[in-house]
4 protein chains.
Amino acid sequence: MSSDRLVSRKNRQADTVVKVGPAAFGGGNFSVVAGPCAVENRDELIQLALQLKASGVQMLRGGVFKPRTSPYSFQGLGREGLQFLAEARAAARLPVVTEVLDVRDLDLVLQYADMIQIGSRNMQNFGLLREVGRVKHPVLLKRGLSATIEEWLLAAEYILAEGNHQVVLCERGIRTFETATRNTLDISAIPLVKQLSHLPVMADPSHATGRRDLVVPVARAAVLAGADGLLLEVHPAPERALSDGAQSLQPQQLASFMNGLPYLLQAREKCQAAI
Amino acid sequence: MSSDRLVSRKNRQADTVVKVGPAAFGGGNFSVVAGPCAVENRDELIQLALQLKASGVQMLRGGVFKPRTSPYSFQGLGREGLQFLAEARAAARLPVVTEVLDVRDLDLVLQYADMIQIGSRNMQNFGLLREVGRVKHPVLLKRGLSATIEEWLLAAEYILAEGNHQVVLCERGIRTFETATRNTLDISAIPLVKQLSHLPVMADPSHATGRRDLVVPVARAAVLAGADGLLLEVHPAPERALSDGAQSLQPQQLASFMNGLPYLLQAREKCQAAI
Amino acid sequence: MSSDRLVSRKNRQADTVVKVGPAAFGGGNFSVVAGPCAVENRDELIQLALQLKASGVQMLRGGVFKPRTSPYSFQGLGREGLQFLAEARAAARLPVVTEVLDVRDLDLVLQYADMIQIGSRNMQNFGLLREVGRVKHPVLLKRGLSATIEEWLLAAEYILAEGNHQVVLCERGIRTFETATRNTLDISAIPLVKQLSHLPVMADPSHATGRRDLVVPVARAAVLAGADGLLLEVHPAPERALSDGAQSLQPQQLASFMNGLPYLLQAREKCQAAI
Amino acid sequence: MSSDRLVSRKNRQADTVVKVGPAAFGGGNFSVVAGPCAVENRDELIQLALQLKASGVQMLRGGVFKPRTSPYSFQGLGREGLQFLAEARAAARLPVVTEVLDVRDLDLVLQYADMIQIGSRNMQNFGLLREVGRVKHPVLLKRGLSATIEEWLLAAEYILAEGNHQVVLCERGIRTFETATRNTLDISAIPLVKQLSHLPVMADPSHATGRRDLVVPVARAAVLAGADGLLLEVHPAPERALSDGAQSLQPQQLASFMNGLPYLLQAREKCQAAI
């Protein structure tokens with residue numbers, strides 16, 4: 001990573017800290033973002049947001065514009081989903097992150113969301129990157145499913161180059177030959193990106209593994225690898241989720257994970273202090 | 001994984017525990033195996049073994065038959081290297097694991113080693129798998145660099161089918177499109193293999209990352225993902241190692257890692273207990 | 001491929017034929033599309049277009065909106081480039097295809113181009129797919145660099161589902177572990193897609209190989225695999241091209257290739273007739 | 001490829017020609033090697049060999065030691081299969097190539113086979129490479145399923161370095177994320193390896209695609225990419241083959257392919273002559 005790039009650690013030594021209400025990423029701050037893959041239902045979303053808040057989660061996620069492989073799959077609730085997110089945010093006092101797929105939806109989403117997500121498929125949608133580079137909202141930039149680390153950081157550079165330095169990177173698994181999992185979480189990308197860049201890095205073990213039974217161990221691993229946060233899919237009834245049910249935790253599983261999280265963060269600190 | 005396979009968790013619910021002197025893997029046991037990629041020098045090896053022992057390492061590794069991409073690279077010391085390993089074992093009271101490449105070397109290696117390593121390139125060398133299936137020594141079976149989990153478990157099945165059930169699996173990174181690291185450690189393979197099989201699973205962050213500066217965070221991640229052990233390359237002077245210097249830790253780095261290890265294992269236990 | 005999909009061969013047995021002026025793809029028609037990666041210069045473009053026409057090329061390609069990994073690389077001439085393309089089209093009487101990156105540029109590009117290209121990075125830019133599905137222009141849809149064949153056909157389905165059935169698919173290499181070439185042309189995708197779908201399929205050996213010295217043999221291979229057309233990068237002076245010079249043929253190389261093309265097409269016919 | 005390597009084209013400009021009875025590879029020679037994946041039955045093998053001979057095939061292939069992912073799959077007939085191969089060779093006057101998996105079987109196989117095959121899984125079985133480097137028989141060296149071109153050429157270097165320069169390389173598909181085909185034939189590897197090395201290069205579209213309906217178009221493509229030969233699986237009744245039936249051609253399909261082959265070779269010559 002060339003030192004004259006805005007994303008480069010050589011260009012800026014101190015960690016960038018991205019704050020979104022009570023959530024903070026980088027500079028020693030760690031936050032969990034959780035919620036359903038897709039917003040489906042107002043009442044369930046509000047109830048789930050309250051449960052997540054009670055579990056210690058710092059931000060709510062939920063998709064309203066869904067990038068679906070097939071044009072015949074559920075595409076998200078759109079504007080109505082944004083309103084449900086806003087209600088859940090108010091009820092649970094949690095900031096909200098949601099994905100924008102199309103530059104033409106950006107203004108609408110900015111009215112509702114606290115943080116804008118750029119998904120894997122749009123990591124090199126350069127027009128969209130430039131537009132989110134011109135707004136004040138922080139951006140969650142997922143790694144493309146076959147993007148190199150260099151390409152990912154250069155995608156972030158598009159955003160920073162327009163003036164928005166509030167970017168959190170998110171490793172969400174890369175496409176490999178292995179078919180036992182949906183993707184392969186590139187665990188070494190976490191410490192490597194933190195060396196190369198001052199931007200915070202999260203991990204998304206839900207999309208990486210695609211399997212509920214692997215999400216928790218991989219999430220724990222990501223914390224110890226140095227992640228600044230986690231993105232976790234949670235659904236009140238994964239078996240009837242309209243999208244990605246197989247990889248969604250149940251609220252109780254998320255709560256158990258959150259109970260163990262302080263031990264992980266303490267162990268990480270102690271390890272770093274051990275000589 | 002079909003339930004009638006010997007490696008299958010359905011076939012045998014309890015964890016297999018593999019013990020090699022003071023080292024033990026599986027069933028809650030965790031051990032660190034460390035040492036140079038290649039045995040190069042008697043005195044240095046002995047000194048290193050003493051340092052590793054003092055750091056809390058449970059087993060010494062060191063290659064004497066090296067699988068090298070080019071026929072003109074250093075191929076290992078062979079029989080002489082085995083003698084050095086035996087001396088280091090005696091001096092430090094550490095069991096020794098070393099790789100066998102060729103079935104014709106197996107008898108020789110069995111005289112010196114406590115555990116036999118089958119390397120990535122030989123994961124589907126079926127003649128060799130069958131032969132180590134017929135001996136009493138425990139076997140460390142590395143995943144092929146582009147083997148699926150199914151293929152890896154079936155390679156282990158070749159060993160078990162011959163009667164040797166003392167097999168430890170080792171995830172060492174798979175080949176992907178990413179070139180920033182040597183390979184990509186498949187972190188989710190660790191919990192997944194532990195679900196599918198009763199065999200212990202280790203991780204080798206040295207070969208997976210190929211970079212000294214990433215070995216420690218990835219090693220920590222592997223512990224939290226549920227690994228039963230770690231395989232770490234350590235060299236007294238990595239900059240002059242005849243093989244894999246770039247990924248070898250210095251003894252002091254290994255010692256620091258070992259100091260932090262109890263915190264990781266405690267955190268893992270506490271997380272599993274948290275509800 | 002489910003038979004009720006619009007792209008499916010089961011849904012429509014006869015080949016779709018896409019015609020763009022003198023160029024035609026599918027149903028036994030074969031055409032070559034050639035030109036520079038990026039439009040750089042009016043006079044050179046016109047001269048090149050005349051050379052291509054004289055060589056027997058049926059369509060001119062040239063990028064004016066360039067998807068570049070780095071925000072600091074040349075991003076294309078935009079509107080001015082479209083005007084140059086229009087002049088070259090008029091001078092050489094060749095239809096023109098150019099890429100659209102951003103839905104907001106679509107109306108502009110439709111005024112100048114005869115065919116719209118959706119590039120690899122936008123294969124799952126679903127908003128853009130829907131918009132080109134609503135226009136009358138034929139669409140050249142490149143495979144994403146790590147898209148499965150299923151995902152690629154479903155991306156085409158987004159276009160057809162909006163009413164535009166004039167889609168030509170283009171295999172342009174997938175991302176693999178091999179670094180000797182830019183990407184790996186998936187040669188078997190050509191006959192496989194032709195089985196699964198009635199849409200025409202082209203190959204782009206320039207992007208697939210990234211090396212001028214491999215373009216011609218791979219182009220020949222693609223013809224014999226059953227491709228309905230080729231997309232070839234040609235630059236009058238590749239060594240000073242602003243983008244992708246290493247993979248651009250010189251006009252004379254393209255002319256030699258075109259001289260051999262009839263032999264390839266005849267051999268293909270004779271092989272299919274041989275019993 | 002460093003110029004001081006024995007395999008390098010820089011080291012030896014002229015094509016190496018490998019002759020095995022009536023078959024020849026390289027230096028403008030092209031041969032087809034065909035036969036069943038595994039030798040299963042004496043009478044069928046002899047009858048098939050006669051059919052292949054009548055179709056114009058120059059060499060018979062057939063496996064007697066089969067590298068199988070599972071220890072419970074059919075492992076080949078071993079010595080008995082070698083005797084069947086010898087009988088088929090005599091009956092059809094075709095030279096025979098068969099795979100050696102284990103160095104301990106080499107002497108036995110040398111008594112029966114005219115050419116020794118080293119399979120993908122053994123491309124880096126360095127002991128085996130060295131041993132076949134010390135014999136007089138020509139060697140067919142398949143690319144490992146995730147070997148880079150550099151690694152493949154260095155595997156050949158192991159053989160040449162021991163004195164055996166009669167090596168034919170065989171591209172047989174690499175492992176990628178695409179699951180619609182068994183592997184992905186790296187079509188550009190054919191012209192690239194011919195640039196880098198003086199050794200002949202074949203293609204194996206049967207293993208590359210894993211699907212009978214794709215073998216013929218991919219075989220044609222490989223010829224035009226510059227291959228010096230083809231390796232094709234043929235079985236008298238693919239639906240009851242003990243191994244790889246799905247990718248085996250029927251004898252009549254092979255005959256049709258052979259009828260078309262002269263057109264391909266002529267087109268290749270004419271293309272190379274076209275200026």
Side-chain angles (χ1 to χ4, degrees), chain C residues 146-150 173-181 183-196 205 208-211 213-227 252 255-275, chain D residues 146-150 173-181 183-196 205 208-211 213-227 252 255-275:
Chain C
S146 66
T148 63
I149 288 172
E150 172 84 2
I174 56 174
R175 185 161 270 183
T176 69
F177 64 83
E178 177 60 74
T179 54
T181 44
N183 295 288
T184 300
L185 189 95
D186 181 359
I187 191 79
S188 56
I190 298 170
L192 182 50
V193 166
K194 291 191 68 67
Q195 272 184 38
L196 296 172
T209 64
R211 295 172 55 136
D213 55 1
L214 300 177
V215 169
V216 166
V218 172
R220 290 178 187 149
V223 175
L224 268 292
Q252 180 51 41
S256 297
F257 172 75
M258 293 301 291
N259 287 341
L261 182 57
Y263 302 120
L264 299 174
L265 294 169
Q266 286 160 23
R268 186 164 86 172
E269 264 185 56
K270 286 181 186 166
C271 279
Q272 280 159 355
I275 306 185
Chain D
S146 67
T148 63
I149 288 172
E150 171 84 2
I174 57 174
R175 185 161 270 184
T176 69
F177 64 82
E178 177 59 75
T179 54
T181 45
N183 295 288
T184 301
L185 189 95
D186 181 359
I187 191 79
S188 56
I190 298 170
L192 181 51
V193 165
K194 291 191 70 66
Q195 271 184 38
L196 296 172
T209 64
R211 294 172 56 137
D213 54 3
L214 300 177
V215 169
V216 166
V218 172
R220 290 177 187 150
V223 175
L224 269 291
Q252 180 51 41
S256 297
F257 172 75
M258 293 301 290
N259 287 341
L261 182 58
Y263 303 119
L264 300 173
L265 294 169
Q266 286 160 25
R268 186 165 86 172
E269 264 185 55
K270 286 182 185 164
C271 280
Q272 280 158 356
I275 306 186

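Note that these values count all heavy atoms, side chains included, but never hydrogens, waters or copies made by symmetry. Order of the sequence lines fixes the chain letters, A, B, ..., with proteins taken first and strands second; residue numbering starts at 1 for each chain. These figures come from a predicted structure and were not determined experimentally.
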Pick whichever of [options] has the most heavy-atom pairs under 4.5 Å with chain C.
options                                : answer
D/Ala274, D/Gly260, D/Ala221, D/Ala267 : D/Ala221
D/Ala219, D/Ser256, D/Ala180, D/Ala273 : D/Ser256
D/Ile174, D/Leu185, D/Val216           : D/Ile174

Which bit of [X] comes within less than 4.5 Å of chain C, counting heavy atoms only: side chain, backbone, both or neither?
X        : result
D/Ala255 : neither
D/Thr181 : side chain
D/Ala208 : neither
D/Arg175 : backbone

Pick out which of D/Val218, D/Val223, D/Leu224 makes a side chain to side chain contact (heavy atoms under 4.5 Å, CB included) with C/Leu224.
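Option passing the side chain to side chain contact (heavy atoms under 4.5 Å, CB included) with C/Leu224: D/Leu224.
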
Atom pairs and distances, side-chain donor-acceptor, residues 187-196 of chain C, under 3.5 Å, sequence neighbours left out:
{"from": "C/Ser188", "atom 1": "OG", "to": "C/Asp186", "atom 2": "OD1", "distance (Å)": "3.0"}
{"from": "C/Lys194", "atom 1": "NZ", "to": "C/Asp228", "atom 2": "OD1", "distance (Å)": "3.2"}
{"from": "C/Lys194", "atom 1": "NZ", "to": "C/Asp228", "atom 2": "OD2", "distance (Å)": "2.6"}
{"from": "C/Gln195", "atom 1": "NE2", "to": "D/Asp213", "atom 2": "OD2", "distance (Å)": "3.1"}

Take C/Thr184 and D/Thr176 through the test side-chain contact (heavy atoms from CB on, under 4.5 Å) and record every step on the way to the result.
CA-CA 10 Å; C/Thr184 300; D/Thr176 69; 5.7 Å; no

Heavy-atom pair with the smallest gap, counting every atom of D/Thr148 and C/Phe177:
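Closest approach of D/Thr148 to C/Phe177, heavy atoms only: N-CE1, 3.9 Å.
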
> Between C/Gly226, C/Pro262, C/Ala147, C/Ala222, which residue shows the highest count of heavy-atom pairs closer than 4.5 Å to chain D?
Replying inline: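 Heavy-atom pairs under 4.5 Å are most numerous for C/Ala147.
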
**OP:** Measure the CZ-CD distance between D/Arg220 and C/Gln272 for me, rounded to the nearest 0.5 Å.
**Re:**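 The CD atom of C/Gln272 is 5.5 Å from CZ of D/Arg220, to the nearest 0.5 Å.
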
Handout entry: Separation between CG of C/Asn259 and SG of D/Cys271, rounded to the nearest 0.5 Å
Key =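 It is 9.5 Å, given to the nearest 0.5 Å.
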
D/Val215: partners by side chain to side chain contact (heavy atoms under 4.5 Å, CB included), with sequence neighbours left out:
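Per chain and number, D/Val215 pairs via side chain to side chain contact (heavy atoms under 4.5 Å, CB included) with D/Pro205, D/Ser206, D/Thr209, D/Leu232, D/Leu249.
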
